[in-house]
Each structure stands twice: as C-alpha cells, then as structure tokens.
Amino acid sequence: MPSDIRVRIAPSPTGPLHIGTARTALFNYLFARHAGGTFLLRLEDTDVARSTAAFEKDILDGLHWLGITWDEGPGVAGLEEAGPFAPYRQMQRLELYAAAADVLLAKDLAYRCYCTPEELEAERRAREAAKLPPAYSGRCANLTADERAAREADGRRGAIRFRVRPGVVGWNDLVRGRVEIDTANLGGDFVIVRADGTPLYHFTVVVDDAAMQISHVIRGEDHVSNTPKHILLFEALGHPMPVFGHLPLILNPDGTKMSKRKSQTAVADYIAQGFTREALVNYFAFLGWSPGTEDDVLAMDEIAGRFELEKVQKGGARFDRERLEWLNGQWIRRLADDDLVARLLPFTEAAALAGVVDRAPGEAELTALLPLVRERLSTLASITDVVGFLWRDLAPDPATLVPKRWDPATTIGGLTAAREALAAHDPVTWEADELEPPLRALVGARGWKAGDLFMAIRMAVTGQAATPPLFDVLVALGRERVLARIDAAVAALRAAG
RNA sequence: GCCCCCAUCGUCUAGAGGCCUAGGACGCCGCCCUUUCAAGGCGGAGAUCACCGGUUCGAAUCCGGUUGGGGGUACCA
C-alpha cells in the first residue's frame, strides 16, 4: 500500500525521553502505519548547550523499546542511520540552513539584526512597563548598507531575523479545524539564525520538513501558536505547505501541562518500574484517542488498524497512573509464559543487586511460580512484593504473628500443632493438594477456624498477610524452610511473651 | 496583559439533531467465589452533558455570549 504520506517525530536531545514526546511519536507512527505512509525520526540538536549524547541515546532507545520504530532516521540498537534524506541530525545539516538563510537574505525576506541581548532585554522591559505585548521593534529592519558595514566593522556578526508580513495566516488543522492567527501577534520579526551562526528551531524545522518532504506535521497543541511562523517560512522558501494537526496535551493530574515537577515524565522511569511496552503504548494511544468502540485493551497493530486523527480529542487528557497500572496488569496476564519470565528476570536480578532480596531466582524457578504471581502483578517490579519472601531470610515479628481473632498462646499452640502435622507429612508428597487435608483436619479437631490457622502459618512462613494461596507457598518454600520458619516464629512468640 | 485553543461521571472516554430517563473503562462501594491478597463474576453510587441565550417539532450534539481551564508569548525545542 504505497502512500505519499510522510510524518516525523523530531525530538530534541535536551532531556530524557518524555512521555509527551513518546505519545506524539506514537500518534505519528500510528498515522503512518494506518495509511501505509512513512514515519521518520529527526534529531533536533541545535540547542548545543543543552543537548547531550546520553539524552539522544535515551530517546532513541526508549522509542525503539516501545516499538515505535522509524522507516528513516538515525541508527539505534546497532542499526545504521538509514533513509534518502540523511543525515537525520540537524547539527549535521548546517549547510542546508545556511543556504536557505542566504536565499531569504538575498530576497530581503530576512535581515541581519545587530541588537545585543542587553538591548533586546531593555526593549522587552520597556514594552512590559508600557503594558504592551513583548515584540521585537524592528529596529534593524531597515538598516542601510553603510550602517550594516559599520556594525560588522565593530566585530558584530548579527543574528538573522525573518520579516513577518502583515496579515492573517490560517490553516485547516486536522484535529481542530480552521485556525487563523493575525501575524501582528507573532511578536515581530523573529530570529532564525543566532549571531553565532547556528540556526533556530522555527527555521530548521521548516527547512527540514520541506527537505524531507513531510506531508503532515502532527505535533502537540503547544505548537499551535508557532504554526503561523512556520507557514510564513514555508511560503518564503517557496515550499509546498504540509497539512498540520495539533494533538491535545498530556496533563498533570491537576490539569496543567505535564511537567517533571508534578508527574513522572521520563519513559525510562516507567520502564524501570516494570511497565510493559504494550501497556504504555495502549495507554498513550487512549489518551486523546479512542476507537469509538468499547474495547480498551488493544495491541499496537490493532490500534494502528483503527487509528484516525479525526477521532482524536481536542481537549487535553490528565495522566491517570492507576488506569495505566490496571492496563499493565491486563497485559501482564496476556503474556506467554516464557515471555513473562524473560521480562521478570531483569527485575528479580535488580532486586537482588539492590539488596531487596538475598538471591535472584533462575528461569525455571520463576516459570514454576508463574501461576502464583501472574494475576497479582500490577508491574513487573512488584514480583518481589508478591513472593520476595522466597528469596530472603525472615526476621519474625511477634507483633504481627498473631491472627486477629487469636491470642499469642493460641497462636503458639496452632503453629506447634501445624508444625507437627507438616513434619509428619511424607516429604515425597509435599504438594499443595496433599498438604491441605491434614491441616484442615487439625482445624476440625481443635475447633479453630481454618482462616485463623492459615493466617498464623502464612505470617510465620512469609512475614506477610497477603500472599499467593498458602499451600502453593508452602510448596514453593520447601519443607525445610517451612519447618524452620515456623520454629523461628514460635520461638519469637515465646520470647515475647 | 495580548494571541490561540478547549469544555460529557473524580479520571480516560462513547456520542457527529430524535436510538440518551447519556453507554463503556479506571477508581470507589457492596455481594459472589474464597485460607489472605489478587484475578474473575454480579450489582451499586457517580454527569440537571460548565452556564446563559438562540436555531429547530426536537440539542450533549448547530450558532452566539459568559464563565472556567489550558497553551503560547526566547538569539529553547
């Protein structure tokens, strides 16, 4: 299904992969996939002061991990940079911007501005004091050749400003319909190339989108007010206009634009906490979009098949971590055994390394545990909350060892009797089905409630009130440890009291 | 301040004039299952569709205004 549709994500490596970037990338990817178009990635690294190789790697790896892969763009995970419009890093495309700037300068669509930052700052303050919107005055807009020469002789190189023409600029936004903005509100002629010669975002984005033949510019709503500047630049450069679409923003729980301050914004943190790519993709897609049916657990390809920009919401969506966790649980329950084990392993190993548990389980051990943990995991990392007691020593706490309806003496009696019954049990049939009847019989004989005895044993052998089914736990622990832990619990109870 | 955008349960949303006494999901509450915790099943509370006017036989859906919220206002991206 060949298509001329070409979309892109253009992250800036000035921070780790942000949820908002991932979501915008996903929507572009879905749009391309749905239409059989091309999705490309371009690094906007012209903010040299803040860009780093580490952030770049985090972004590329993160998107790749999520399954948001590009048809053209920088290399990742051992792959080479690929695509007919390489390079895909703006700092390697400097000649293009310089050439484009020369064209604008030659046509007098742009001019050199020699104002210093201090002068600009003073101007801004003056306008603010006069209660005027901040805007460049255009002081250098009509310098004569002599005046320019004089300034250059002073050693000033000058930034390049684009002449903003008067009038109204409008476009038919794919998600919000007709939008029109008077260029008088753009803040005057804006800088497209810094005095040091490096180009600025508004300029590079247009030069590159044109060069890379981007057909649809799909980005966050925070770019709506930038779009007129871009349209003006496309016009000035004589390039065909792409279609624009502005996505609603992801918001903090309080409704403001998502920020590090109020939310966890780094995708890497979600990965580290054990969220699956399936859940993250599923959740991001449903923030601002819905298939229009009552499905809510959908995989990437199902989403791509149904994705339409026409169905995206106009208003921003608050980030709801509880819903994400629910979705994550849904996806964890859907994973195949070997897949789940492979994804769990790094988390148990990390827990061991961090000292959360004393040792990490092997693949076979984890596989055997799957039936006990699978439906109890909201994140992969929560595996140690569920069965961490299997991999670490316990320190019996007399205060929590006694079930609600029991007293210490009864508990000691219960545990002792249970220990006897378990010790008498044939070690070769140490299985859940085999272990339960004798303990039930004990309960009947003593007139206890099954729940109380079981809770006493549970606390003694796991140290937790919430665990997978007790008899499965006894099997997982093994006879020796069960008996030893009960002994330790009884001893602690006696010592306490 | 100025410009732009948005507005359905607490949250994510369905809804594109009559099918809506507004549907689903998360969360919450209850019941069932049950040795605990989950998972699952069932049920419940929860939205006068921000408000006010209009258009229409009929409006959550169209129009206008108000209010509220958000975004932008750099030699950042």
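In what follows, chains carry the letters A, B, and so on, assigned in the order in which the sequence lines appear, proteins first and then strands, with residues in each chain numbered from 1.
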For nucleotides 27-35 of chain B, print each protein N/O atom paired with a nucleotide N/O atom at under 3.5 Å, atom names and distance only.
| unit_1 | atom_1 | unit_2 | atom_2 | d |
| --- | --- | --- | --- | --- |
| B/U35 | OP1 | A/Arg440 | NH2 | 2.6 |
| B/U35 | O2 | A/Arg458 | NH2 | 2.3 |
| B/U35 | N3 | A/Leu470 | N | 3.4 |

B/U36 OP1/OP2 closer than 4.0 Å to side-chain N/O of A/Arg405: no
When all nucleic acid strands are considered with a 4.0 Å heavy-atom cut-off, which category describes A/Thr46: base, sugar-phosphate, or nothing? sugar-phosphate
Using a 4.0 Å heavy-atom cut-off, does A/Gly255 contact any base of the nucleic acid, only the sugar-phosphate backbone, or nothing at all? sugar-phosphate
What I want to check is whether the side chains of A/Thr276 and A/Asn328 have a donor and an acceptor closer together than 3.5 Å. yes
Under 4.0 angstrom, heavy atoms only, what part of the nucleic acid is A/Arg50 near: base, sugar-phosphate, or nothing? base
Select base, sugar-phosphate, or nothing to describe what A/Leu120 touches, counting heavy atoms under 4.0 Å on all strands. base
So do the side chains of A/His246 and A/Trp171 get within less than 4.5 Å of each other, counting heavy atoms only? yes
Tell me which pairs pass salt bridge (charged side-chain N to carboxylate O under 4.0 Å, His left out) where either residue lies in residues 128-139 of chain A, with sequence neighbours left out. A/Glu123-A/Arg139
Find which nucleotide of RNA chain B each of A/Phe319 and A/Ser12 is nearest to by heavy atoms, and output the residue with the more 5' nucleotide. A/Phe319
Could you go over nucleotides 2-7 of chain B and give all protein N or O partners under 3.5 Å, atom names and distances?
| unit_1 | atom_1 | unit_2 | atom_2 | d |
| --- | --- | --- | --- | --- |
| B/C5 | O2' | A/Arg176 | NH1 | 2.5 |

Separation of atom NE2 in A/His230 from atom C1' in B/C76, rounded to whole Å: 12 Å
Within the supplied structure, the quantity of interest is the number of heavy atoms (other residues, nucleotides, ligands) at a distance under 6.0 Å from A/Arg178 CZ; does it exceed 12? yes
Whole-Å distance, A/Arg376 CZ to B/C37 P, equals 11 Å
For A/Gly220, answer base if it contacts any base atom (sugar-phosphate contacts may also be present), sugar-phosphate if it contacts only those atoms, and nothing otherwise; contact means non-hydrogen atoms under 4.0 Å. nothing
When you measure from the side-chain N and O atoms of A/Arg321 to the phosphate of B/C26, is any distance below 4.0 Å, counting only OP1 and OP2? no
Start with the C-alpha gap between A/Thr24 and A/Arg219, add the side-chain angles, then the distance that decides, and say whether side chain to side chain donor-acceptor pair (under 3.5 Å) holds. CA-CA 6 Å; A/Thr24 301; A/Arg219 75 235 293 202; over 6 Å; no
A/Lys257, nearest nucleotide to its side chain (from B/G70, B/U13, B/A38): B/G70
Any donor-acceptor N or O pair under 3.5 Å, side chains A/Ser137, A/Arg127: no
Take the protein atom OH of A/Tyr283 and the nucleotide atom C1' of B/A25, then report the distance between them rounded to whole Å. 12 Å
Let me confirm one number: the CG-CG distance from A/Asp47 to A/Leu200, rounded to the nearest 0.5 Å. 9.0 Å
Could you check how far CZ of A/Phe286 sits from P of B/U13, rounded to whole Å? 11 Å
Pairing partner (Watson-Crick or G-U wobble, both distances under 3.5 angstrom) of B/A59: none
Have a look at A/Lys311 and say if it touches a base, only the backbone sugar-phosphate, or nothing, with a 4.0 Å heavy-atom cut-off. sugar-phosphate
Would you mind telling me which residue lines up with the more 5' stretch of RNA chain B, A/Asn226 or A/Pro134, judged by nearest nucleotide? A/Pro134
Quick check on B/G70: is either OP1 or OP2 less than 4.0 Å from any side-chain nitrogen or oxygen of A/Thr256? no
Under a 3.5 Å cut-off for both contacts, is B/A25 paired Watson-Crick or G-U wobble with anything, and if yes, with which nucleotide? B/U11
Suppose we define a pair by two distances each less than 3.5 Å, Watson-Crick or G-U wobble; what does B/C2 pair with here? B/G72
Pair A/Asp45 + A/Arg89, salt bridge at N-O below 4.0 Å: no
Test: A/Arg8 and A/Asp208 ion pair at under 4.0 Å: no
Kindly confirm or rule out a cation-pi arrangement of A/Lys229 over A/Phe190, judged by NZ or CZ under 6.0 Å from the six-membered ring centre and within 45° of its axis? yes
With the six-membered base ring of B/G72 as reference, does the ring of A/His223 sit under 5.5 Å away with planes under 30° apart? no
Is the charged tip of A/Arg23 near the ring of A/Phe27: under 6.0 Å from the six-membered ring centre and within 45° of its axis? yes
Touch check for A/Thr467, heavy atoms < 4.0 angstrom, all strands: base, sugar-phosphate only, or nothing? base
Applying the 3.5 Å cut-off to both distances, the Watson-Crick or G-U partner of B/U66 turns out to be B/A50
Atom-pair distance (CD on A/Glu123; C1' on B/U73), nearest Å: 15 Å
What's A/Gln330 touching, base or sugar-phosphate or nothing? Going by heavy atoms closer than 4.0 Å. sugar-phosphate
In Watson-Crick or G-U wobble terms, both distances under 3.5 Å, what is the partner of B/C31? B/G41
